[in-house]
Amino acid sequence: MSNPRAAQNTQTTTTGAETASPSPNLTGDPREATYTTAPTAGGQQPTTAPTAGGQQPTAAADPGPAGTATAPDLTTTTTDLGAAGDTDPTAGAGGEYYSPRDVDGDGDVDLIHTRIEGIDTITHIDEDGSITLVEQDTDGNGTYETGIAPTATGIRLAEDLDDDGTVDLATHLDPATGAPVRQDVIEDGRITDTRLDTTADGNPDVHLIDSNGDGRFDTALLDTDLDGVTNDTLVDTNGDGTFDLRTADTDNDGTQESFDTATDGHLGSIEQFEALIPAEDHYHEQAGTYPAETPADPSATDLA
């Protein structure tokens, strides 16, 4: 996996005083994402930031290359926020501040805007105090190109590499170790390339590719001996979901020397690799691999 750069392909971004509908746009202007500081219920400013599971994220570090990536630091931190007038969103360009905001006026903190070491961060808080999304402007150009959010199976780091407002790369991190377990390349809202570390050794061993752009993977590159060299390549050349071409590197020199073809499905199907991707993942929606539940067969009374 390359250096991870990006939560969901569709992300909810808060701007102004309203919450936008889900979209792949991770871009936000700090001037629009900064709100008037509001006290919490009872008119008192909290002395500790709302936390998720008792923890508060600090500014996320660059995960680095595959095998060394780590999740954002979630060590417990207590910060005295002082009175409402003590936090000034218009602090100097290089100034550091920590400002909780009540966006909808219900008395609860909805987001926290911070600037630490020049990095602007917006942390979105759920009604129960859980962190639902962390957005960061890591390159200081005024747009939030990085989003970090919890998923059902871990943490998703989504990144807009070209500042066009859409996610280009999504890295799924193990919540316990912070190591990347999967990385998706996203083009026009579709996952076109996925690398998976199925052995949790820090290196990808399965590489899936959608070569024809139909939304479903048709090629699988496998590192079966976990040495970083592709041993087998399986290809579904006719789009029927089963592999009909296999090439292999028999002497492990990095070159595929032998090949095998099949029409009976004995080379396997793409489903065995799609099963490695969580059922609720965006990939299955785009590929149509988990269709909606079909109605039961009609009974005699249904047809009467």
Side-chain angles (χ1 to χ4, degrees), residues 1-2 4 8-9 66-67 69 151-158 169-177 179-252 254-294:
M1 300 180 190
S2 60
Q8 306 300 347
N9 286 338
T151 66
T153 56
I155 299 171
R156 186 172 183 271
L157 174 65
L169 189 67
T171 304
H172 299 258
L173 309 174
D174 183 289
T177 66
V181 295
R182 174 180 149 214
Q183 189 173 81
D184 301 327
V185 173
I186 302 171
E187 298 178 5
D188 298 324
R190 283 190 170 190
I191 299 172
T192 60
D193 183 298
T194 290
R195 297 172 188 262
L196 302 107
D197 176 10
T198 64
T199 60
D201 66 350
N203 297 299
D205 46 83
V206 175
H207 183 185
L208 305 177
I209 301 171
D210 172 15
S211 64
N212 59 12
D214 67 353
R216 189 177 188 185
F217 296 130
D218 50 60
T219 303
L221 289 73
L222 312 177
D223 176 11
T224 57
D225 55 9
L226 308 179
D227 63 352
V229 177
T230 298
N231 303 106
D232 296 285
T233 300
L234 300 168
V235 184
D236 172 16
T237 61
N238 58 12
D240 66 353
T242 61
F243 297 118
D244 38 61
L245 172 64
R246 171 182 175 267
T247 62
D249 179 3
T250 56
D251 56 8
N252 211 46
T255 302
Q256 308 269 301
E257 296 95 5
S258 67
F259 71 94
D260 185 15
T261 58
T263 56
D264 57 3
H266 80 268
L267 294 178
S269 71
I270 197 66
E271 290 181 352
Q272 62 188 299
F273 300 106
E274 291 173 325
L276 299 172
I277 301 174
E280 68 276 7
D281 190 270
H282 171 67
Y283 167 75
H284 294 290
E285 178 184 352
Q286 75 173 42
T289 52
Y290 286 84
E293 182 178 354
T294 55

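Model, not experiment: these values are computed from the prediction.
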Do Asn252 and Asp227 have side chains that get closer than 4.5 Å, going by heavy atoms?
yes
In Å and rounded to the nearest 0.5 Å, what is the CD1 to CG distance from Ile277 to Leu208?
6.0 Å
Kindly indicate whether the side chain of Ile270, heavy atoms from C-beta on, has any atom under 4.5 Å from the side chain of Asp218.
no
Could you grab the distance from atom CG of Leu173 to atom OG1 of Thr177, nearest 0.5 Å is fine?
8.0 Å
For the CD atom on Gln272, are there more than 12 heavy atoms of other groups (residues, nucleotides or ligands in this structure) within a distance under 6.0 Å?
yes
Taking everything shown except Glu271 itself, do over 12 heavy atoms lie less than 6.0 Å from its CD?
no
Any side-chain heavy atom of Leu276 within less than 4.5 Å of one from Thr198?
yes
Would you sort out whether Gln256 and Thr233 count as a side chain to side chain contact (heavy atoms under 4.5 Å, CB included), showing the intermediate values?
CA-CA 8 Å; Gln256 308 269 301; Thr233 300; 3.4 Å; yes
Going by the ring-ring contact (aromatic ring centres under 6.0 Å, His included) test, which pairs reach into residues 192-213, not counting sequence neighbours?
none
Would you say His172 and Asp281 make side-chain contact, with heavy atoms under 4.5 Å?
yes
Quick check: closest heavy atoms across Gly202 and Asp197, and the distance to 0.1 Å?
N-OD2, 2.8 Å
Main-chain N/O of Glu280 paired with Glu285 side-chain donor or acceptor, under 3.5 Å
no
Rounded to the nearest 0.5 Å, what's the gap from NE2 on His284 to CD on Glu274? Could you check?
6.5 Å
If you compare all heavy atoms of Ala220 against all heavy atoms of Phe243, which two are closest, and at what distance to 0.1 Å?
CB-CZ, 4.1 Å
Arg182 vs Thr171 side-chain heavy atoms within contact, under 4.5 Å
no
Can you find a pair of side-chain heavy atoms, one from Thr192 and one from Gln286, that are under 4.5 Å apart?
no
For a quick check under 3.5 Å, do Asp244 and Thr237 share a side-chain donor-acceptor pair by atom type?
yes
Establish, from distance only, whether the side-chain atoms of Thr194 and Asp184 form a donor-acceptor pair under 3.5 Å.
yes
Going by the side chain to side chain donor-acceptor pair (under 3.5 Å) test, name the single residue among Asp249, Thr250, Thr247, Thr224 that passes it with Asn231.
Thr224
Okay, side chain of Arg190, backbone of Gly213: is any donor-acceptor separation there less than 3.5 Å?
yes
Would a 4.5 Å heavy-atom cut-off, applied to side chains only, mark Asp236 and Thr219 as touching?
no
State whether the number of non-hydrogen atoms from other residues, nucleotides or ligands found under 6.0 Å of Asp188 atom CG is greater than 12.
no
With Asp232, which residues qualify under salt bridge (Lys or Arg N to Asp or Glu O under 4.0 Å), at least two apart?
Arg246
Mind listing the closest non-hydrogen atom pair of Tyr283 and Thr289 along with its distance?
CE2-OG1, 4.5 Å
Shortest non-hydrogen contact from Gly154 toward Pro175
CA-CD, 3.7 Å
Interatomic distance, Gln183 atom CD to Leu196 atom CG [nearest 0.5 angstrom]:
10.5 Å
Pairwise side-chain contact, Leu234 with Leu222, heavy-atom cut-off 4.5 Å (strictly under)
yes
